[in-house]
Chemist: 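First, the structure itself, so that you have it in front of you.
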Protein chains: 4
Amino acid sequence: MVVIMQIKINNASAWPAYQQVVDQIKRDVALGRLKKGQQLPTVRQLAGELTLNPNTIGKAYRQLEQENIIYTRAGAGAFIADIDNQLNKSVRRNLIIDQLEHAAVDAFHMQITKAELRKWFEGILGEFNFNSKEGTSR
Amino acid sequence: MVVIMQIKINNASAWPAYQQVVDQIKRDVALGRLKKGQQLPTVRQLAGELTLNPNTIGKAYRQLEQENIIYTRAGAGAFIADIDNQLNKSVRRNLIIDQLEHAAVDAFHMQITKAELRKWFEGILGEFNFNSKEGTSR
Amino acid sequence: MVVIMQIKINNASAWPAYQQVVDQIKRDVALGRLKKGQQLPTVRQLAGELTLNPNTIGKAYRQLEQENIIYTRAGAGAFIADIDNQLNKSVRRNLIIDQLEHAAVDAFHMQITKAELRKWFEGILGEFNFNSKEGTSR
Amino acid sequence: MVVIMQIKINNASAWPAYQQVVDQIKRDVALGRLKKGQQLPTVRQLAGELTLNPNTIGKAYRQLEQENIIYTRAGAGAFIADIDNQLNKSVRRNLIIDQLEHAAVDAFHMQITKAELRKWFEGILGEFNFNSKEGTSR
DNA sequence: GTGGTCTAGACCACC
DNA sequence: GTGGTCTAGACCACA
């Protein structure tokens, strides 16, 4: 009943392990691999698979809960939540724009052309089934 | 001869101070506000302006030097370097794509449409004088 | 003879399921929807309706009995009790004041005006048939 | 330079220790005892005073940061943030109303009169300097 | 069984 | 010095 996750932890990464878990679960939700109501692996189970401490997974789940990506019920498990993150929109909008600008700055310093960067960007957008007035446009 | 920097540090930001300095200098280079050969403020001078510890500025300059954004000459100061970051292109390519994807994931969770995200992205690209039209500028 | 309950369990809520059952029954008594002597559904019956574990309902009933909101008769069922919670009044007084103060603190951090908060409070009081006019009703 | 806190932890309470720390700091901010920019005690210092583990205090500080009550800077300390919690307003509005209603339900079961409950409520409001169009009205 | 809390003690990045 | 991350292992409430 529990989903099989395809999470990989890079110990050499500058990002903390719990953050990598958060990011990859958010990504899986965005890509449609995880859907509303699905149960996530238990804390202990995922900790075992990734050879991390259960506390570390617990921290990741707590952060996901706070972002309304999942909800957790002690004694029951952790589940993908319904999407309702209209909140904080103004704050997060800036975060997203910051990320895009940051990527553009780095691209400049690598002498990447706008055309190339655009191509990468469109490639990523293509992977998502956005809540799109664009419906079947791809 | 020394450039006047327009750097602002946000103490409440999640990013460490030295990282904010690095990012804003990289951004100014990318936007053309800082050009090859221009001298940066001394560590102590900039530390004074931003009311930061000189160690913090020193760390920022060291990172910029490592990324070949600036070069430092003992007894002379720090200067904007010529662009030659062809080096670890494949590594950085992935970093940029990661950033773009990360932004897209966050956008999904905010229920932002592809069209809107594309608009933001183009807006950012518009600010830069990218190599596309300046292929020979170095 | 058995009352039809209008209880809803929110799985995504931070409150445990048994607590939600307790709260809603207490609320229904306070609002006059449930009256002295009325029989509650059996544990199994309510568990079935709410798709919860009978243990969970059992725990809720046990807590309600302990608070003298209901009484249970072996072989007969659970019934709404007469009000006689004069007992640990001083203890509970503090609990209520704590709740009110907690709400006020949260309201402050949301920059809600006193007038607005007062309006909400009066709105809630209006729903109840308090003892003020029913002094002799028991 | 660091504020002296008047926090007390009740080990017998049903509330976890870290939650009690969060609540009391929020309360002190709301009551005006802690003001924008003030530095909080260090994690280790407060942990020592309350004979709790530094991790427990760290958890409390992290939660306060997420609620935008404070901001923390590794290597510098934790500070009271500027108020800007306009976000989540609709969500939190319901939380506050839930708390008020909960208190009213409990008061009913204690046979407290509306007048008495109102008196308590006004007593609490009196302690706060709300961002009030009521200015000096008290 | 589940997740949540807490402790003890380690190591790291940042200032 | 600061806070942040992580581990190991304990205990608790909930389902």
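Numbers restart at 1 for each chain; the letters A, B, ... are given by sequence-line order, proteins then strands.
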Chemist: Mark yes or no for whether D:Arg73, through its side chain, and B:Asn11, through its backbone, hold a donor-acceptor pair below 3.5 Å.
Modeler: yes

Chemist: Check the phosphate of E:dG4 against A:Thr72, side-chain N and O only, distance under 4.0 Å to OP1 or OP2. Yes or no?
Modeler: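 Checking E:dG4 against A:Thr72, a side-chain N or O does come within under 4.0 Å of OP1 or OP2.
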
Chemist: Could you check how far CD1 of C:Ile57 sits from P of F:dA15, rounded to whole Å?
Modeler: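 It works out to 10 Å between those atoms.
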
Chemist: Determine whether D:Leu34 and D:Leu40 satisfy the following criterion, side-chain contact (heavy atoms from CB on, under 4.5 Å), listing intermediate values before the conclusion.
Modeler: CA-CA 9 Å; D:Leu34 293 174; D:Leu40 295 164; 4.1 Å; yes

Chemist: Dot-bracket for DNA chain E, 5' to 3', with Watson-Crick and G-U pairs under 3.5 Å, [ ] for crossing pairs and | for other-strand pairs: what is it?
Modeler: ||||||||||||||.

Chemist: Can you tell me the distance, in whole Å, between the CG atom of C:Asn11 and the C1' atom of F:dA15?
Modeler: 11 Å

Chemist: Rounded to whole Å, how long is the line connecting atom OH of D:Tyr71 with atom C1' of F:dG4?
Modeler: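 In whole Å, F:dG4 C1' and D:Tyr71 OH are 18 Å from each other.
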
Chemist: In whole angstrom, give the distance that lies between atom CZ of A:Arg62 and atom P of E:dT2.
Modeler: 16 Å

Chemist: Separation of D:Leu40 atom CG from F:dG3 atom C1', in whole Å?
Modeler: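 D:Leu40 atom CG is separated from F:dG3 atom C1' by 12 Å.
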
Chemist: Report yes or no: do A:His109 and B:Glu67 form a side-chain donor-acceptor pair below 3.5 Å?
Modeler: no

Chemist: Contact between A:Lys26 and A:Val29 at the side-chain level, heavy atoms closer than 4.5 Å - yes or no?
Modeler: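 A side-chain contact under 4.5 Å is absent here.
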
Chemist: May I ask you to test the C:Ile25-C:Ile7 pair for a side-chain heavy-atom distance under 4.5 Å?
Modeler: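 The answer is yes, as the side chains (C-beta and beyond) meet within the 4.5 Å cut-off.
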
Chemist: If we ignore angles and hydrogens, is there a donor and acceptor under 3.5 Å between the side chains of A:Asp106 and B:Gln99?
Modeler: yes

Chemist: To the nearest 0.5 Å, how far apart are CG in D:Leu64 and OG1 in D:Thr72?
Modeler: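 That separation rounds to 10.0 Å.
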
Chemist: To the nearest angstrom, how far is D:Tyr61 atom OH from F:dT5 atom P?
Modeler: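 My rounded result for the distance is 16 Å.
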
Chemist: Sugar-phosphate atoms are those with a prime plus P, OP1 and OP2; base atoms are the rest. Using that split, label each nucleotide of nucleotides 6-14 of chain F B, S or - for protein heavy atoms under 4.0 Å, 5' to 3'.
Modeler: BBBB----B

Chemist: Give A:Gly77 one of three labels, base, sugar-phosphate or nothing, depending on what nucleic acid heavy atoms sit under 4.0 Å from its own.
Modeler: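 The answer is sugar-phosphate, as A:Gly77 gets under 4.0 Å only of primed atoms, P, OP1 or OP2.
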
Chemist: Name all pairs fulfilling the ring-ring contact (aromatic ring centres under 6.0 Å, His included) condition that reach into residues 44-78 of chain B, sequence neighbours left out, sorted by first residue then second.
Modeler: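 Checked against ring-ring contact (aromatic ring centres under 6.0 Å, His included) - neighbours excluded - the pairs reaching residues 44-78 of chain B are B:Tyr71-B:Phe79.
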
Chemist: Indicate whether any N or O donor in one side chain lies under 3.5 Å from an N or O acceptor in the other, for D:Gln24 and D:Gln20.
Modeler: no

